[in-house]
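Both counts, for ligands and for their atoms, begin at 1 and track the order of listing.
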Amino acid sequence: MFDDYLSWKPFFEIVPMEVGDCSEMSQLHGQRFPRQWNDGEFQNLLLQQSVFGFVARQTNAFFSRPLGGFVLSREAAGEAEILTLAVNEKFGRQGLGWRLMQAALREAATRGGESMFLEVEAANRAAVGLYRKLGFEKVGERPAYYAGTDGTRSTALVMSRVLR
Ligand SMILES: CC(C)(COP(=O)(O)OP(=O)(O)OC[C@H]1O[C@@H](n2cnc3c(N)ncnc32)[C@H](O)[C@@H]1OP(=O)(O)O)[C@@H](O)C(=O)NCCC(=O)NCCS
């Protein structure tokens, strides 16, 4: 029994995003990005027919279903894009980013998407590593695209992959 306790680890399921998730997503977004998106921004996006998303919810927590991460995506006229992706730092490097992205890729293809695009800061090693592993390749570069809170500018990579 004590051994079970010591080896306890969180398990997650990936489920479609709902409007009720927006407030927690906003909080997590604020922890992982310099500019937080508020829950109204998430709600407005999610109410658009072309927009969809998935959340990772812990299945073996005692009193609640903590949010492990989320991905928000859009598909229109055969072209899909990742709008945002974040995983709670405390659950990092456990495959949640990979699983969320797989769910978004599958749903985008089901909706008729032929390719998926995204933008990522070139210096974001974790995200660039994840996207490369998923088969994304660099198709463009936007120098000085992102503005840091300290006024510095950084390069964005545009990456894409086919969905079929
Ligand atoms: C990027 C992010 C979503 C990755 O989520 P994650 O659940 O930790 O990633 P995974 O466990 O699924 O990792 C999958 C692969 O991504 C890469 N990766 C993830 N974290 C990494 C890190 N810290 N350093 C280097 N590569 C990393 C690896 O290739 C990894 O595969 P491996 O573990 O077999 O080596 C997460 O770090 C995050 O939320 N970052 C802040 C927000 C952000 O940058 N979002 C993307 C904006 S475009």
**Request:** Please indicate whether any nitrogen or oxygen in Leu85 is less than 3.5 Å from any nitrogen or oxygen in ligand 1.
**Result:** yes
**Prompt:** CE of Met25 to CG of Leu72: how many Å apart, nearest 0.5 Å?
**Reply:** 6.5 Å
**Prompt:** Val55 and side chain to side chain contact (heavy atoms under 4.5 Å, CB included): which partner among Leu100, Asp21, Ile14?
**Reply:** Asp21
**Fill in**
The reported gap from CZ in Arg74 to CD in Gln49 (rounded to nearest 0.5 angstrom) is 13.0 Å
**Message:** I'd like to check whether Gly97 has a polar contact with ligand 1, where a contact means an N/O of the residue lying under 3.5 Å from an N/O of the ligand.
**Reply:** yes
**Asked** Given Glu89, Arg93, Arg99, Arg125, which one has a non-hydrogen atom that is nearest to atom 22 (C) of ligand 1?
**Response** Arg93
**Message:** With a 6.0 Å cut-off on the ring centroids, do Phe136 and Phe117 count as close?
**Reply:** no
**Prompt:** Between Arg65 and Thr59, is there a donor-acceptor pair closer than 3.5 Å when you use the side chain of the first and the backbone of the second?
**Reply:** no
**Prompt:** Among protein heavy atoms, which lies nearest atom 42 (C) of ligand 1, and at what distance?
**Reply:** Phe33 CZ, 3.6 Å
**Message:** Take a 6.0 Å sphere around CZ of Arg153 and say whether it holds more than 12 heavy atoms from other residues, nucleotides or ligands.
**Reply:** yes
**Asked** Of all the atoms in ligand 1, which lie at a distance below 4.0 Å from a heavy atom belonging to Trp98?
**Response** 12 (O)
**Asked** Measuring to protein heavy atoms, does anything land under 4.0 Å from atom 2 (C) of ligand 1?
**Response** no
**Glu121 to ligand 1, any heavy atom closer than 4.0 Å** = no
**Prompt:** Looking at CG of Leu46 and CG of Leu83, how far apart are the two atoms once the value is rounded to the nearest 0.5 Å?
**Reply:** 10.5 Å
**Request:** Examine distances only and state if a side-chain atom of Asn44 and a backbone atom of Glu41 form a donor-acceptor pair shorter than 3.5 Å.
**Result:** no
**Asked** Nearest protein heavy-atom contact for atom 44 (O) of ligand 1: which residue, which atom, what distance?
**Response** Asn124 ND2, 2.6 Å
**Message:** Checking the N or O distance criterion of under 3.5 Å, is ligand 1 in contact with Glu119?
**Reply:** no
**Message:** Among all the protein's non-hydrogen atoms, which is closest to atom 11 (O) of ligand 1, and how far away is it?
**Reply:** Gly95 N, 2.8 Å
**Item:** Nearest non-hydrogen protein atom, atom 48 (S) of ligand 1
**Value:** Tyr131 OH, 3.3 Å
**Request:** Can you pull out the closest protein heavy atom to atom 39 (O) of ligand 1? Residue, atom name and distance to 0.1 Å, please.
**Result:** Val87 N, 2.8 Å
**Prompt:** Purely on distance, is any nitrogen or oxygen of Gly92 under 3.5 Å from one on ligand 1?
**Reply:** no
**Complete:** Of all protein heavy atoms, the one nearest atom 14 (C) of ligand 1 is Leu130 CD1, 3.6 Å
**Prompt:** What atoms in ligand 1 come closer than 4.0 Å to a heavy atom of Ala86?
**Reply:** 39 (O)
**Message:** Among all protein heavy atoms in this structure, tell me which lies nearest to atom 34 (O) of ligand 1, with the distance rounded to 0.1 Å.
**Reply:** Lys133 NZ, 2.5 Å
**Message:** Taking ring pair (Phe, Tyr, Trp, His ring centres under 6.0 Å) as the criterion, tell me which of Phe12, Trp37, Phe54, Phe42 meets it with Phe70.
**Reply:** Phe42
**Message:** Within ligand 1, which atoms have a heavy atom of Gln94 less than 4.0 Å away?
**Reply:** 11 (O)
**Item:** For atom 37 (O) of ligand 1, closest protein heavy-atom neighbour
**Value:** Ala126 CB, 3.8 Å
**Request:** Counting heavy atoms only, name the option from Gln102, Arg32, His29 that's nearest to atom 38 (C) of ligand 1.
**Result:** Arg32
**Asked** Is a side-chain donor or acceptor of Asn60 paired with a backbone partner of Phe11 at a separation under 3.5 angstrom?
**Response** yes
**Asked** Which of the atoms in ligand 1, numbered in the order shown and given with their element, are less than 4.0 Å from a heavy-atom of Ala127?
**Response** 1 (C), 46 (C)
**Message:** As an exercise, identify every atom of ligand 1 less than 4.0 angstrom from a heavy atom of Leu96.
**Reply:** 7 (O), 12 (O)
**Request:** Please answer whether the main-chain N or O of Gly69 pairs with a side-chain N or O of Arg57 as donor and acceptor at a distance below 3.5 Å.
**Result:** no
**Glu121 vs Thr155 side-chain heavy atoms within contact, under 4.5 Å** = no
**Item:** Closest approach of Gln36 to His29 (non-hydrogen atoms, all atoms of both residues)
**Value:** CA-ND1, 3.6 Å
